[in-house]
Every structure is written in structure tokens, then in C-alpha cells.
Amino acid sequence: MAVLCSALPGYPENMKPDSLPSSPEPSASPHREILDHAVRYEGQGLSVQGLETLIDRERSRQNAQVGQLLQLRERNTELQQALSHELLRLRELTEQVLPDKKESGVLGALAKVLPGRRRAPMPRASVEQLLREQYTVSAHRVKEAAEFADRLQVSERELFDEIDGMNQRMIESSKNKAKAASFVRGLMEFQEQAAVQLRRLPSDSVEALQLHADIDRSRRLLAEHATQLQLFHTAVDRLGLLKDSTRMLVDTVAALRGDITQYVMAAGEKLDLVSRQLRAIGTAADATATLIEMKRSLEALNESMNQTTRFVAETQRYFRENLDQLVASLEIYDHETRASLEVNLELSRVADGARVERLVQRALGEGDDPMRSRQHAALRALHAGRDRRGDVT
Amino acid sequence: MKSAVATHRGMQVLHGERVDAYVEQAVALLQAAKLSAQYPIGSVSRTSPQGGSTLTGYLRAMGSRLHRGLYPQLEVELLSGFPSFKEWTRVRTDVDLCGRVLADLPAPEILRERAALDAAYGKQLLKFLYYSELLQLGLPPFEGMAIRLQRRMGDGAARFQLVLDKLDAVGLPLRCTAEISQQRSADPLITLRGDRAEAKRELWGMLYRVVSLDAELSFLQLQSLPGLHVHSVTIGTVGPLCCGSLQDAQPLDWPVSLCWQPHAAVLACAIETVQRSEQPELDQEDVSDRNNDPLSSLWKDALSAAARREYEQARTRYRYRIIKDRKFVADRANVAALKALCTQAGTQNLVYVVPP
């Protein structure tokens, strides 16, 4: 048995099934005990539909996370438009602050209403009011970004949970794959030996008829477990790729979260400064002090806006370089997975000997898989894009 | 470990239980104050399970019973005894965002199930609880303006009521209610679309600016605008507020005899009205001023002789009177000190006792 198992590609020593009957000697009569051996797979058994559901569920979760990122991109575009408008407004505010003259005071008020005095010009908007409004808009924006950072943090945790789950499923599928492979090999050996034995027996003997019956039973078992083998193989393969793209998504989410948190902290500090200056404007005793504080507020608000503008532009660039590529790679994955699952479905429908043999070879062989290669290429390209982004954040 | 209270430049930063003690005292004072529509109470929320006004709603949202510790501290202005502009804005921003945040959160049973697994999941549950309750409070913006047509007077003239809510220079919530008429004009400050009135931004800007002065100066400033005739200006100010949970509160003109034990709590609410006498036949007594505010005098008393002459001319021309009043809410221990203050100033003021 040890010889047989070690001959299987990708079959680690510690995963050898220990409950299979020992392998028959090449010249000895076939050991039919294998036909009565019940193979128990770990976890829940896998069907084509089950595998499809599992992968669909994982992909839906990925899509939800990507959806959040796309939403952020949309919001970013809106922000870009709003920011240019607000920057203009700030410039107008600056112009209003500079020639500002204090109008308050008893004599100032009386001068306007006494007979013969010049009527006051049309009133201007209150700079303090505009500053407070702009502060509220900026605070809203920073809070929105902080909320988004929190959502990304949760996404990160969820994706790590997904990776944990996928690792468990992969380990399980890999063990099951080894069990199925060992059993399938055993059945194939049995069929070879039974065929040799059959040639030696008279065709109408009871032994020959018994052997025919055993061979038919082994074919049935082979079809059943070859399907399982193929499914476990597909599961390991697809989950592996799914895990790679999930990890990529985690990296994307973590990088964005880092950027947003940095922005929230920097812009929050500026807003704190503005709120103190707004307070000083309110309590300032004379016009000069008010003017100075207003100018300071405007400068701090401008800086806060510039930080937002920089952040929005950098995030847009990041999205351009990464998100579309990530979405494209996930689409390739969907396409390849569908093709792979169709092969499994076909196998579960028709199982002649030659087809089983071909599929078993494919499941066990770790040779070139064009689908896998294409997806790896897509993920590699995405990694390269991320590396280039190093200077952005 | 952080101290529960930190003070810097006219501001006190409260942490932990201090925040809740302060919020509780402030809410109790405001509820006992029986504020009328002349104060910035906002609309009473119909959906709020606890009822209450905009002011108490905002204050509740600043306490950890509502936000569940999502915010570690609370900044309070020492001059007004109210939270700083930043804190009010924080609640307003949360109100604006709460619908969207709640829509993005998973179902409550999922949140509860996984809250203990990771701090990020735990925070999501806290946010769900906080934002759900905040949504229930239905808080409007704490600063805002509204204009209402009162009646049309023929010849294109119309009478309006303008209401402005804001935090004043030291952070006291105030409401200014101005009743004005506008004559037909080529470039009106107020336009009418059907019965819907709309004031120009500049008019609001001026009101916003002058309202921090006082009702009389606001009246005079508004009266100076072309095409406007001011009937009355009323400013209702809530505060200053002082309570034992604030260690270094320093409201202006506050009687020194008040005792500041941890349970102490005092709130003052002032109303100042400037009303034009529309009937020329009224004698001088009918337009004489009435000051029932022990903490504030009429500024005409402090004018120089020259300024006083100009001032008297304005009074004669516009025939208006000034009415000032103030009421108090206090814990039982401070009622006597407040009554003594009123007696000393020769005023008769309402002093409500806050329930223990």
C-alpha cells in the first residue's frame, strides 16, 4: 500500500489513508476486500451542485466587498465635483473676509437709522455663518470617511474569516482528494489483476462469473469515487484561486483603509483647529482679532479641503489602477470555474472506463492547466499594479 | 490614566462618567425650564420615545447612554456651560449619516451574534444601537432659519416672521424671532411665491451677524435695511448652564453665593423683546422699558452724554420699548441664593426647582 500511495502525485506521507486493504502482489489473485471497503470522506460529502453553491457563496461575498469599493469610487467622483465647487466658495469667502469691517457697536447701529444719516448698503452674507456652514460640510465629509474606514475594517475581518473558512475547506478537500485517489488507484489495480486472472479461468466457471461480477462492481465504485476525486481536486484548485483573489481583496481593502484613516486623522486635526478658531471669532472682543481668526479659519479649512482633494485624487488613481483589474480577474475566475464545473457535471453523467481514466489522470496530474495559468497571470498583473502604487500612498 | 476632567482655554473636556453626569444634569434642567416657542427648542420630535426638545435630544446624543462609548470625551464651553460647537456639529453629522450607516449594517441578529468575536464587529453593534436611537429622536439641525408669511397688506406689502436658531458668540443656544413688513420694492430682500416666502441670503446673513449683539441693536440694524419696517425682535437665550459636574464653569455675572456641590445645577433662560409701538396715541408710559433681568442691565444706562442724545432721537423716531426677563431653574440648595439675587436687583423672577 505504501508503494501505491507514494506513487500518487502530490500525495504527502502524512495523508496516507490507513484503513485501505493492503495492496495485492502483482502475481497474486486480486484482493476483492477493496470492494467492501467503505471510504469515509471528511466533512460533508461533495456534489457538483454543492461545490457550485460553495464557490458561488464565496464569490458573492467577494462581490459584496468589491461592491463596497465600487461604491466608494462613485462617492469619490461625486466628491471631486463637490470639492471644486467648495474651493470656489472658499475663495469667495476669503475675498469677503479681507475688506471686512466691524459693523457692530452702538454708534454704528445708531448711525444707520438716525435721520439724515446715510442708509446702510445692502447687507452681506455673514462670514461667520459661511465659515460655520463650511465647517459642517467638512466635518460631514470627514465623518463619512471615518464611517467608510470602519466599514472597510469590518470587510477586512470578514475576508480574513473567509480565508480561514477556505483554508479549512481546502485542507479537508485535499485530504479527501488523497483518500479518493488512493481508493481509485486500488480499484484500478484490482481491475488490472482481475483481468489477468480472468484470462486464466474457463469463461463459464463459477470463479470467472464471480470475477465478472466483482469487476462490474469495481467499475461502479470507480465511477462514483472518480467523480469525488475530480470534485475534490476541483475544490482544492478553485478554492486556492478564490483564496488568492480574496487575499488580494484584503490587501486592497487594508491599503484603502490605511489611506482613509490617515486622511481622517489629518483632516480631523485641521477641523479641530477650525472649531477653536470659530470659537475665538465668537468671543473676540475687537474687529482685528476677529479678522485674524477668520483668516486663520479659512487657511485651516483650505488645508483641510486640500487634504480631501489630494486624498480623493489619489484614491481615484488607486481605483483606476487596481479595482478594474481586480474585477476583471474575478470575472476570469467565474468563467473558468463555470467551465470546470461543467466538466464535473459531465463526469457525473457519463462514466465509461476511458473517460474515468482520463479524468483521474487529470485530477491526479499537476501538469499544465491552461485555466489556472490564465488566472494566475491575471493575479500576477494585479500584484504588479499594487507594487507600482507604492508611491501613491 | 486620563483625568476625568481636563480644562484648557475656556473649555473643559469631560471623560467617562463625568460626561453622563453632565448630560443628565443638563437634560433635567432643560426639561424643568418649560421653554416656550421663543426659545430654541426646535420642534418636539413626534417619533421620540422619550419626547423632549431638540436641545435635550442633542444633549442626550452626546452622552454615552446613547452613543455607547463611541465617543470618548465631550468638550464643554466654560462661559456658557454648553457643549462646544464642534460637539453639536458632531451630533448633526451623525443625524445626517445615520440612515445610510444603518442601511449598510447587517441584520441585528447577525450583529449580536458576532459582536464578541472581534472589536470591529462589536463596534458595528454599538453603532447600530446608537444610530437607531438617534434616528428615533428625529433631530433637526441645531442652527437654522425659517420665514413665514403672516399677512398680505395690499400694495404689494406683506408682513413676515423670521426665525433664526444659532449658537451665540459664547456658545449659548438662542432663537431670534423678528416680525417685519416689507414694502413693494424693485429689489426685495424677501420674495413671495404664492404663500411661500423666501428671504435673500444677505438678509439671513445680517440677522446671523447682528443677533449676537442684543435685541435692540438687532432691531436697529434690521430697521436700517431698505424697504423693511421692523415690528418686533425677540431673542430667547438658553443658558448659561452651570452644574456640579463642571469644575471650572465661569459664566459671566453669575452670583458668587451659589454653591457648587456635585449635585448643584443652575440654568438661566433670558428673553429680550424690542417691540415697536404701532399706536401713536399711546403715552410715554406705554412705551417705557421693563427690565426684569437681574443679570443684565439696559446698555443705554452706560452711554456717554453725546451717544445718549443720538440714542434718544432714535427712540423718539421709532417708538419702541424693551422688555427683558429671565427665569431660572436650580437645584433646591441654590434656590435661596437665586431669590436673594433677584431681590437685590429688584426683580421678580421665576425660579423652578429641578427635581432631585
Side-chain angles (χ1 to χ4, degrees), chain A residues 68 71 96 102-130 132-133 135-144 146-148 150-158 160-161 271-272 274-276 278-284, chain B residues 9-11 75 77 79 84-86 89-90 92-94 96-97 100-101 104 117-121 123-124 127 141 143 166-171 187 189 200-210 212-213 216-221 223-226 299-300 303 307 310-311 313-314 317-318:
Chain A
Q68 281 201 2
Q71 203 185 325
Q96 288 186 29
K102 193 82 174 170
E103 286 181 352
S104 58
V106 181
L107 290 174
L110 289 174
K112 290 173 191 167
V113 291
L114 285 172
R117 296 294 182 108
R118 192 168 59 84
R119 297 288 283 181
M122 287 293 279
R124 286 178 291 103
S126 156
V127 177
E128 186 195 359
Q129 177 195 0
L130 296 177
R132 283 189 182 194
E133 281 174 6
Y135 172 83
T136 307
V137 169
S138 300
H140 191 288
R141 193 147 293 152
V142 172
K143 176 74 187 175
E144 204 180 353
E147 285 296 339
F148 212 91
D150 281 353
R151 269 166 64 191
L152 290 179
Q153 193 184 12
V154 170
S155 297
E156 223 178 304
R157 296 289 176 278
E158 285 172 346
F160 276 125
D161 288 349
L271 283 181
D272 270 356
V274 177
S275 78
R276 271 180 226 127
L278 283 174
R279 196 172 148 263
I281 290 167
T283 51
Chain B
R9 292 203 298 173
M11 188 100 79
E75 280 182 10
E77 297 276 2
L79 282 177
S84 65
F85 179 74
K86 176 185 155 185
T89 309
R90 197 266 295 157
R92 186 189 161 177
T93 309
D94 285 354
D96 290 346
L97 288 176
R100 260 164 55 194
V101 173
D104 282 339
L117 300 177
D118 191 287
Y121 296 146
K123 192 175 178 186
Q124 269 196 317
K127 276 189 181 176
E143 289 204 333
K166 69 170 279 196
L167 294 185
D168 83 350
V170 292
D187 186 19
L189 286 165
K200 272 192 177 167
R201 191 170 177 82
E202 288 79 4
L203 177 59
W204 286 125
M206 167 170 258
L207 193 60
Y208 197 96
R209 222 174 20 242
V210 299
S212 286
L213 304 171
E216 189 177 7
L217 289 172
S218 300
F219 176 93
L220 292 171
Q221 292 271 0
Q223 185 56 51
S224 73
L225 295 176
W299 53 254
K300 68 174 181 186
L303 290 178
E310 288 203 13
Y311 175 77
Q313 284 180 48
R317 185 176 181 201
Y318 296 112

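As a basis for the values below, the full set of heavy atoms in this structure was taken, side chains included, without hydrogen atoms, waters or symmetry mates. Residue numbering restarts at 1 for every chain, and letters A, B, ... go by the order of the sequence lines. Everything numeric in this text was worked out from a predicted model, so none of it was measured.
Between B:Ala120 and A:Val154, the closest heavy-atom pair is O-CG2, 3.7 Å. The heavy-atom pair separating B:Gly205 from A:Gln129 by the smallest distance is CA-OE1, 3.5 Å.
Just one of B:Thr93, B:Leu97, B:Val101 meets the side chain to side chain contact (heavy atoms under 4.5 Å, CB included) condition when paired with A:Glu144; it is B:Leu97.
For chain A, the option among B:Arg90, B:Gln124, B:Arg92 with the highest count of heavy-atom pairs below 4.5 Å is B:Gln124. The candidate with the highest count of non-hydrogen atom pairs below 4.5 Å against chain A, out of B:Asp96, B:Asp94, B:Asp104, is B:Asp104.
Residue contact with chain B, scored on non-hydrogen atoms closer than 4.5 Å, is absent for A:Glu156. Of the atoms belonging to B:Glu216, not a single heavy atom falls under 4.5 Å from chain A. Residue B:Leu117: no heavy atom, backbone or side chain, is found under 4.5 Å from chain A.
The closest side-chain heavy-atom distance from A:Arg132 to B:Leu167 is below 4.5 Å. Side-chain contact between B:Arg100 and A:Glu147: absent, with no pair of heavy atoms (C-beta onward) separated by less than 4.5 Å.
Taking the ring axis of B:Tyr121 as reference, the NZ or CZ atom of A:Arg157 does not stay both within 45° of it and closer than 6.0 Å to the ring centre.
The CG atom of A:Asp161 sits 7.5 Å away from atom CG of B:Asp118, with the distance rounded to the nearest 0.5 Å.
With sequence neighbours excluded, the residues that form a salt bridge (charged side-chain N to carboxylate O under 4.0 Å, His left out) with A:Asp150 are B:Lys123, B:Lys127.
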